[in-house]
Every structure is written in structure tokens, then in C-alpha cells.
Amino acid sequence: MASSQKLTEYERKRLENIRRNDEMMAALKIHSKATELSASSSAKRQRVVTKSYKVSPEKKPKTQSPIVIRRSLRTRGMPPEYSDFKALEDTVEATPMAAKSSTQSNPSPRDLGPLSSRDAYRGTGSDKLLMDRILGVSKKPHEEFGDENGGDSIKGVCDRLELGSLSLNPENIARVVPGRIMNVRFLPCSNSRMIVVGNKFGDVGFWDVDSSMDEDGIYLYHPHPGPISGISIQQQRLSKIFTSCYFGFIRLMDAEKEVFDLVYSSDDSIYSLSQRPDNIKCLYFSEGRGGFNIWDERVGKCSTQWNLHEDRINSIDFNSENPNIMATSSSDGTACIWDLRSVNVDQPKPLREVRHNRAVQSAYFSPSGSSLATTSTDDTVGIVTGVNFDHTSMIKHNNQTGRWISSFRAIWGWDDSYVFIGNMKRGVDVISPAQKRTIFTLESPHMSAIPCRFDAHPFNVGMLAGATSGGQVYMWTLG
DNA sequence: TTTTTGCTTACAGAA
DNA sequence: TTCTGTCCAGCAAAAA
């Protein structure tokens with residue numbers, strides 16, 4: 001009842017705002033001009049009909065109401081109680097968008113334990129092709145594929161990479177999931193173009209770009225009850241895909257067993273997930289306000305629990321040159337570099353701390369491992385260099401994404417030359433760490449929304465996936 | 001000092 | 001084509 005009152009109040013204020021704005025516009029006599037402008041800008045932005053996920057009708061719930069605002073106990077700072085826990089689940093399932101990817105007859109993703117991929121699947125038709133495809137590439141992850149790199153080494157192609165050659169073809173656009181995408185990853189193998197995304201509703205979507213056997217190569221699953229905070233796939237085990245969720249769950253999608261196994265659950269939120277490139281047995285993830293855990297598959301529990309930050313840890317990344325070196329970014333306004341071999345349990349002290357004026361959304365090591373790129377809501381992208389990461393340059397970049405767009409996170413391309421980050425004008429800014437400025441912007445009339453989360457294909461230079469708050473993925477390619 | 005409130009804002013889908 | 005609902009960020013200012 002309180003929520004409906006709140007909505008009414010919200011609506012009332014919203015209408016009042018609109019009325020005030022209208023009055024102001026009328027006073028300035030620019031209302032009609034603005035209408036014209038708005039009409040012409042939307043005319044310029046053509047609507048592109050692209051591949052899209054499809055939800056199986058029989059898995060749709062009968063009702064989509066009442067609409068209740070979702071707020072977890074954790075975000076309200078309250079201890080979890082069973083009754084509230086259940087109430088929360090009901091709320092989640094009743095949310096209209098979430099309802100589209102949930103079901104009344106199938107098991108809830110809140111059920112602890114393994115969830116068969118068949119039960120988690122929300123698409124039409126069968127997902128057998130996807131499972132076969134993942135198993136196929138996982139057995140031969142490095143067969144020759146296409147001519148993306150023209151048979152050259154990655155370094156050779158990077159040296160010649162011209163940003164102007166990156167293009168977005170309409171066939172490389174798809175709506176993979178409903179709602180806001182929080183994470184996007186390429187399957188890290190050289191012989192496929194498979195993109196995995198996680199959204200706000202707990203859906204995990206797959207897009208097999210090279211699919212030709214079926215209609216569009218898009219597969220939708222609902223393994224989690226809330227926002228997907230991390231996706232981790234290792235080159236050595238492509239058939240095992242870990243996903244984490246704000247509601248405190250980590251699941252492992254095993255394409256061999258066709259199941260989403262529950263590997264970890266907690267009452268605290270999990271905000272980020274990662275794996276060391278040299279260790280397939282451990283998961284590294286953040287939990288609650290500043291907590292950091294290492295979960296060890298061999299013992300089936302957390303072997304390490306540290307408190308590394310004062311606030312949530314938004315990203316965890318490992319240095320390719322020395323995987324003992326790890327970078328974390330946090331809403332406490334810092335990004336830190338740690339040596340995992342020498343972290344003091346009681347008073348963890350980082351090797352290096354990079355200070356921003358506001359929350360830090362990400363901190364990623366460059367491909368060579370010699371630089372670190374940080375992104376903060378203080379409107380800067382930090383580039384940290386030097387033998388001991390002792391030099392920091394702050395590059396101005398508008399990172400005010402507002403409420404509806406996921407925060408920007410600058411990622412590295414295929415070598416240390418470029419950093420890619422979204423911008424609010426439906427473009428992808430390319431920052432040169434050497435020149436310490438934005439040197440190029442990828443733009444396309446096919447990009448109808450703001451790309452906010454990215455991944456660079458680890459083996460195909462120029463292949464860049466950008467994901468939006470509307471569930472779309474744009475795959476830029478070279479040439 | 002801690003908690004609450006208000007403000008920002010783009011997008012998809014319904015009407 | 002226009003309208004409506006979104007709401008799991010993050011911060012600043014106001015209130016407690």
C-alpha cells in the first residue's frame with residue numbers, strides 16, 4: 001500500500017515538474033522550436049530492425065501485476081529475514097520486465113541447488129544448438145577462424161590498426177536480453193564469435209553471431225533472481241561459465257551437464273567476479289561493503305576473506321604478466337593494486353592506491369600488464385603507468401550516465417595503444433593513453449542507444465562488443 | 001554524525 | 001507517433 005502511495009506521490013511530482021518545465025519553455029517561447037528539434041533528431045535516428053531474443057509464450061506468467069518497487073533488505077541496510085526474503089522473491093517475479101523472463105511453473109532461480117538449463121531456458125525452440133556449439137568450441141578452442149586477423153599475429157594487426165576501419169554492420173546488432181545489460185563477454189576462443197551478456201533481471205543471454213542453423217543464434221536463460229554483477233569464462237574451460245548476482249549467488253553454467261550449478265550463496269550482495277588467468281580452481285569475488293573472497297573449488301568453500309575497501313568493490317582484475325598482482329576499484333573512491341602473496345589479513349595494505357574524487361567503477365590492467373585504466377564518476381579516466389605504477393594521469397571524460405544507463409567502464413583494446421569507453425551521445429570514445437586525450441569516436445547511425453559496457457574479443461583485433469541499457473549488443477568489426 | 005530526500009536521465013514498450 | 005514507467009546509482013543537501 002505504501003508503495004502505491006509512493007507512486008502516486010512520484011507521479012504527482014513528475015507531472016508538476018513537467019508542468020513547470022512547460023511553463024518555463026512557454027515563457028522562453030522556445031517550446032515549438034524544441035519540438036521541431038526533437039522531431040528532427042528522432043528522424044535522424046533511424047529505427048533499426050535487428051535480431052532479437054524471443055520468450056517462450058508458455059513460460060510467461062498469467063499476470064504482470066501488481067508492480068512493486070524492488071528494494072532488497074541489503075540496500076536498505078536491514079538484516080535478512082526469511083519472510084522478507086520470500087516477499088522479495090515475490091516482488092521480483094511480479095516486476096513486469098522480470099516477469100517476461102520468469103515463470104510460475106518452473107523452479108525459481110532462488111531455489112538453492114542446481115538449476116537445469118532446460119528449466120532456466122526462456123527462449124522459444126530448443127537450446128541444443130547452443131550447448132552443442134559451446135561444447136564444440138571448448139574442445140577445439142583455437143582452430144583457424146575467418147580472416148579477422150588476416151593470419152597475422154595480434155601484435156602485427158594492432159600495429160596497423162586504424163580506428164577509422166572499425167565498422168558496425170547491421171547484421172552485427174542484436175537485442176540479446178530484455179532490459180539493462182550489466183555485463184558483456186566474448187567467449188574467449190579464436191574460432192567463435194559468441195557473446196554472453198547478463199542483465200538487471202538475472203537473465204543470461206547468448207548470441208552466437210555465426211549461427212546459421214537456426215534463426216538468429218540468440219538464447220535466453222533466467223538463472224538468477226536479480227542483477228548479474230559478473231561473468232567469468234576461462235580459455236581453458238569454455239564450457240564452464242560463472243555468473244554472479246547482486247542477490248548473493250554465484251552459479252556455474254556447465255554446458256556438458258546442461259545445468260546452472262549453485263556454487264556459492266550469501267546474504268550479502270556480490271558486486272564483481274573474476275578469475276586468475278593461471279588458476280582454474282578459484283573464483284575471486286567481492287561481497288557486501290568492501291569484502292573480497294577467494295572461493296576454492298577443491299574444498300568447495302571460501303579459502304580467503306579479506307576486507308579490502310570501505311565500500312563496494314566494482315571490479316576485480318589480474319595482471320597478465322604477474323597474476324599475483326590484482327587491481328580492485330571501489331565506490332569508496334579508490335582503485336588499489338594488490339600483491340596477493342602479501343596481503344595482511346587484519347590491515348590489508350595495497351601496493352598502490354589511486355585516489356579519485358568519487359566512486360571508481362573499474363580498474364583494468366592493459367594487455368601488456370604495464371598500465372592500469374581506472375574510470376570514475378568524478379569524470380576522469382585514470383591511466384596509471386611506471387615500473388611501480390607510480391605515475392597517474394587523469395584524462396577528462398564525461399562519465400555522468402544518470403540513473404538509467406549503467407556506469408561507463410573504460411576497457412583496453414588489443415594492445416596498450418587504446419582505451420575504449422562509451423559516451424552519452426551514442427558513441428564510443430577512444431582514448432590514447434600516450435596522448436592523454438580522446439583521439440577518436442566510433443559512431444554509427446545503427447547505434448540507436450548508448451553503449452555502456454564493453455568487451456574486446458581477446459583473439460580478433462578490432463572486434464568490440466558494446467552493450468546498452470536496452471538489451472542490445474553492437475559488435476564492431478575491422479573492415 | 002547518520003539517515004532521508006531529491007535530483008539527475010535514456011530507453012523500450014504500451015497506448 | 002506519443003506517452004509512460006522505469007527505480008539494486010551516486011551524490012548533495014536537508015533533516016533527524
Side-chain angles (χ1 to χ4, degrees), chain A residues 3-4 6-18 20-22 35 38-43 45 47-50 52-53 55 64-78 88-89 91-92 94-100 175-182 198-202 224-229 244-249 268-272 288-289 311-312 314 330-333 356-362 375-379 398-409 422-426 447-453 467-472:
Chain A
S3 61
S4 67
K6 208 167 187 174
L7 271 178
T8 311
E9 177 73 359
Y10 174 77
E11 281 168 346
R12 190 185 60 76
K13 287 192 172 165
R14 190 168 175 276
L15 287 169
E16 198 173 291
N17 274 341
I18 291 168
R20 269 210 309 270
N21 286 341
D22 277 350
T35 310
S38 144
S40 66
S41 76
S42 61
R45 220 195 314 149
R47 185 163 288 211
V48 188
V49 179
T50 56
S52 177
Y53 69 91
V55 179
Q64 296 193 347
S65 60
I67 298 162
V68 184
I69 294 169
R70 292 164 54 189
R71 284 185 70 199
S72 76
L73 295 169
R74 275 185 289 275
T75 57
R76 284 179 283 171
M78 292 161 72
L88 178 63
E89 177 184 347
T91 307
V92 171
T95 305
M97 290 298 283
K100 285 189 179 168
R175 198 174 301 280
V176 184
V177 288
R180 185 198 298 191
I181 292 177
M182 318 224 10
N199 74 357
K200 195 181 61 173
F201 305 123
H224 286 285
I228 306 285
S229 53
S244 61
C245 163
Y246 274 28
F247 287 9
F249 301 102
D268 277 324
S269 292
I270 295 170
Y271 290 115
S272 44
R289 283 176 70 96
D311 209 335
R312 56 188 270 182
N314 296 310
S330 167
S331 295
D332 68 8
H356 280 268
N357 294 324
R358 289 188 184 175
V360 187
Q361 299 300 337
S362 64
T375 308
S376 167
T377 43
D378 70 358
D379 283 347
N398 175 20
N399 297 331
Q400 299 307 306
T401 50
R403 189 176 178 175
W404 314 120
I405 309 294
S406 292
S407 56
F408 290 149
R409 295 178 171 183
N423 77 27
M424 292 301 279
K425 293 175 179 167
R426 299 189 183 86
M447 257 191 337
S448 58
I450 294 167
C452 50
R453 294 287 160 94
T468 76
S469 280
Q472 279 184 304

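Order of the sequence lines fixes the chain letters, A, B, ..., with proteins taken first and strands second; residue numbering starts at 1 for each chain.
Dashed line: the shortest gap from a side-chain N or O of A:Q400 to OP1 or OP2 of C:dG10 is not under 4.0 Å. Between B:dA10 and A:R180, no contact under 4.0 Å exists linking OP1 or OP2 to a side-chain N or O. Between A:R403 and B:dC11, a side-chain N or O to OP1/OP2 separation shorter than 4.0 Å is absent. Taking 4.0 angstrom as the limit, A:Q472 places none of its side-chain polar atoms (N or O) nearer than this to OP1 or OP2 of B:dC11. Residue A:R426 has a polar side-chain atom (N or O) positioned under 4.0 Å from OP1 or OP2 of B:dC11. For A:T377 and C:dC11, the shortest distance from a side-chain N or O to OP1 or OP2 is below 4.0 Å. The shortest distance between the side-chain N/O atoms of A:K200 and the OP1/OP2 oxygens of C:dC7 is below 4.0 Å.
Atom P of nucleotide C:dC11 and atom CG of A:N357 are separated by 10 Å, given to the nearest angstrom. In this structure, A:H356 atom NE2 and C:dA9 atom P are separated by 19 Å, rounded to whole Å. When the C1' atom of B:dC11 is taken as reference, atom CE of A:M424 falls 11 Å away, rounded to whole Å. Following rounding to the nearest Å, A:D332 (CG) and C:dC11 (C1') show an atom-to-atom distance of 15 Å. A straight line from OH of A:Y246 to P of C:dG10 spans 7 Å, rounded to a whole angstrom. Distance CG (A:N399) to P (B:dA10): 15 Å, rounded to an integer number of Å. In this structure, the CZ atom of A:F201 is 11 Å from the C1' atom of C:dC7, given to the nearest Å. Between the CG atom of A:D311 and the C1' atom of C:dG10 there is a distance of 10 Å, rounded to whole Å.
Counted within 6.0 Å of CZ on A:R289, heavy atoms from surrounding residues, nucleotides or ligands total 12 or fewer; the atom is thus considered open. The environment of A:N357 atom CG is sparse: at most 12 non-hydrogen atoms of other residues, nucleotides or ligands sit within 6.0 angstrom.
Distance from the side chain of A:M182 is smallest to C:dA9 among C:dC8, B:dA10, C:dA9.
Between A:I450 and the options A:N423, A:T468, A:I405, a side-chain contact (heavy atoms from CB on, under 4.5 Å) holds for only A:I405.
A:M182 and A:I228 get closest at one heavy-atom pair: CB-O, 3.3 Å.
Where stacking is scored as ring centres under 5.5 Å apart with planes under 30°, A:W404 registers as stacked on the base of C:dT6.
Using a 4.0 Å heavy-atom cutoff across all strands shown, A:S469 reaches no nucleic acid atom at all.
Judged by atom type and distance alone, A:R358 does not reach the base of C:dC11 through any side-chain donor-acceptor pair under 3.5 Å.
A:S407 and A:R453 share a donor-acceptor pair across their side chains, judged by distance under 3.5 Å alone.
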